[in-house]
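What follows is a short report on a single structure.
Numbers here are sequence positions counted from 1.
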Amino acid sequence: MHLGRLASSLCLVPLGFAGLSLAGWSTGNLGLASFLSGGKAMAPLSALAFGVLGLGLFLESFIRGKSGRILALTTAVLGLACSLVAFRDLASSGPFVQVSLIPSSLAPSLAWPNDGRTSLLTAACLALVALSLLLQAWGGAVPRATAGSILGLGVALGGLATLVGFLDGQPLLQGAISLPSGFCLLFLGSAACLGAGARAWPVRLFIGPAIEARMLRAVLPL
């Protein structure tokens, strides 16, 4: 499968989780936003950012040329803006900007771990994905593509560490990041890594004729 189409397919997972989370917050059903009974729900701002960045990466392989570049830049800027809002809320003691995204019927009943705010780790990973998308949309230079791919790989590893923590019964940072966010980081980071193309250094390690020949020799005896 073409790398661009594979990256687009991976984006369907964060788009799905973001849609479920936003539907949960809008209807007052936090079960949709947490994916795990009693766990931390994905914050509305996180869902919005995952949806925007996932949509940008999903459409990147289908829309080429100037239009595709403008779309990628726009979604990257919006994702970066969401992460900056999250950083601002974390750094201040209030009032929180994200409160406006929470339905008034849910606001009085929210408490940790469902406080409705984006965690520090999620905000940092969202900023890295946005920067990765910016670097990829800026131009086709190999150094920029490699830098964007490395940022995406770091986000994917962070998502993987989060999921391993949930499987081990010890969520990363004691539940500061939700389970749906962990899935989104893993798949969105992988999409950002692969979306940089075959010339990017991390991707180049796993594809190409030399790698295919080694795999064939490992599977099929000479």
Side-chain angles (χ1 to χ4, degrees), residues 11 13-36 38-57 73-134 151-152 154-159 161-163 165-166 171-189 192:
C11 291
V13 174
L15 284 173
F17 276 113
L20 286 175
S21 178
L22 291 175
W25 283 103
S26 62
T27 60
N29 184 1
L30 291 182
L32 290 177
S34 63
F35 194 64
L36 184 67
K40 178 179 173 62
M42 184 192 295
L45 184 65
S46 300
L48 184 62
F50 281 128
V52 168
L53 292 171
L55 184 63
L57 286 166
L73 288 172
T74 302
T75 54
V77 170
L78 290 175
L80 190 59
C82 290
S83 64
L84 293 177
V85 170
F87 284 131
R88 185 266 180 195
D89 279 1
L90 290 168
S92 64
S93 57
F96 304 115
V97 177
Q98 298 181 62
V99 171
S100 60
L101 300 175
I102 300 174
S104 57
S105 59
L106 286 176
S109 60
L110 287 180
W112 192 93
N114 288 318
D115 61 356
R117 285 188 296 166
T118 299
S119 66
L120 178 61
L121 180 59
T122 303
C125 289
L126 286 171
L128 292 179
V129 174
L131 290 175
S132 174
L133 191 55
L134 277 173
L151 291 177
V155 172
L157 292 177
T162 301
L163 296 181
F166 274 98
L172 193 63
L173 300 183
Q174 297 299 315
I177 183 170
S178 66
L179 179 62
S181 294
F183 278 107
C184 290
L185 293 177
L186 173 60
F187 284 90
L188 196 62

Listed pairs under 3.5 Å, donor-acceptor, residues 124-134 side chains, sequence neighbours left out:
| residue | atom | partner | partner atom | Å |
| --- | --- | --- | --- | --- |
| Ser132 | OG | Gln136 | NE2 | 3.0 |
| Ser132 | OG | Gly148 | O | 2.6 |

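- Here the closest heavy-atom approach between residue Gly51 and residue Ala18 is recorded as N-CB, 3.8 Å.
- Applying the side chain to side chain donor-acceptor pair (under 3.5 Å) criterion to Ser119, with sequence neighbours excluded, gives Thr122.
- Between Phe187 and the choices Val155, Val13, Leu57, Leu15, the side-chain contact (heavy atoms from CB on, under 4.5 Å) rule is met once, by Val13.
- A distance of 4.5 Å separates CG in Leu80 from CG in Leu84, rounded to the nearest 0.5 Å.
- In this structure, the side-chain contact (heavy atoms from CB on, under 4.5 Å) partners of Leu101, at least two apart in sequence or on a different chain, are Pro44, Leu45.
- Summarising the geometry, atom CG belonging to Leu30 is positioned 5.5 Å from atom CG belonging to Leu106; distances are rounded to the nearest 0.5 Å.
- Going from atom CG of Leu121 over to atom OG1 of Thr162 covers 5.5 Å, rounded to the nearest 0.5 Å.
- With sequence neighbours excluded, the residues satisfying side-chain contact (heavy atoms from CB on, under 4.5 Å) with Leu20 are Leu32.
- Listed by chain and number, the residues in a side-chain contact (heavy atoms from CB on, under 4.5 Å) with Val97 are Val85, Arg88, Asp89 (sequence neighbours excluded).
- For Ser46, the side chain to side chain donor-acceptor pair (under 3.5 Å) partners at least two apart in sequence or on another chain are Thr118.
- Judged as a ring pair (Phe, Tyr, Trp, His ring centres under 6.0 Å), and not counting sequence neighbours, the contacts of Phe17 are Phe35, Phe183.
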I'd like to know whether Leu120 forms a side chain to side chain contact (heavy atoms under 4.5 Å, CB included) with Ile177, so could you lay out the CA-CA distance, the side-chain angles of the two residues, the decisive distance to 0.1 Å, and finally the verdict. CA-CA 8 Å; Leu120 178 61; Ile177 183 170; over 6 Å; no
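- In this structure, Leu179 and Leu163 have side chains that are in contact, with non-hydrogen atoms separated by less than 4.5 Å.
- Of the possible polar contacts, one joining the Trp25 side chain to the Met42 backbone as a donor-acceptor pair under 3.5 Å is found.
- The shortest heavy-atom contact between Ala192 and Gly152 is CB-CA, 3.9 Å.
- Gln98 and Arg117 get closest at one heavy-atom pair: OE1-CA, 3.5 Å.
- Within the 4.5 Å cutoff, side-chain heavy atoms of Phe50 are placed close to those of Ser181.
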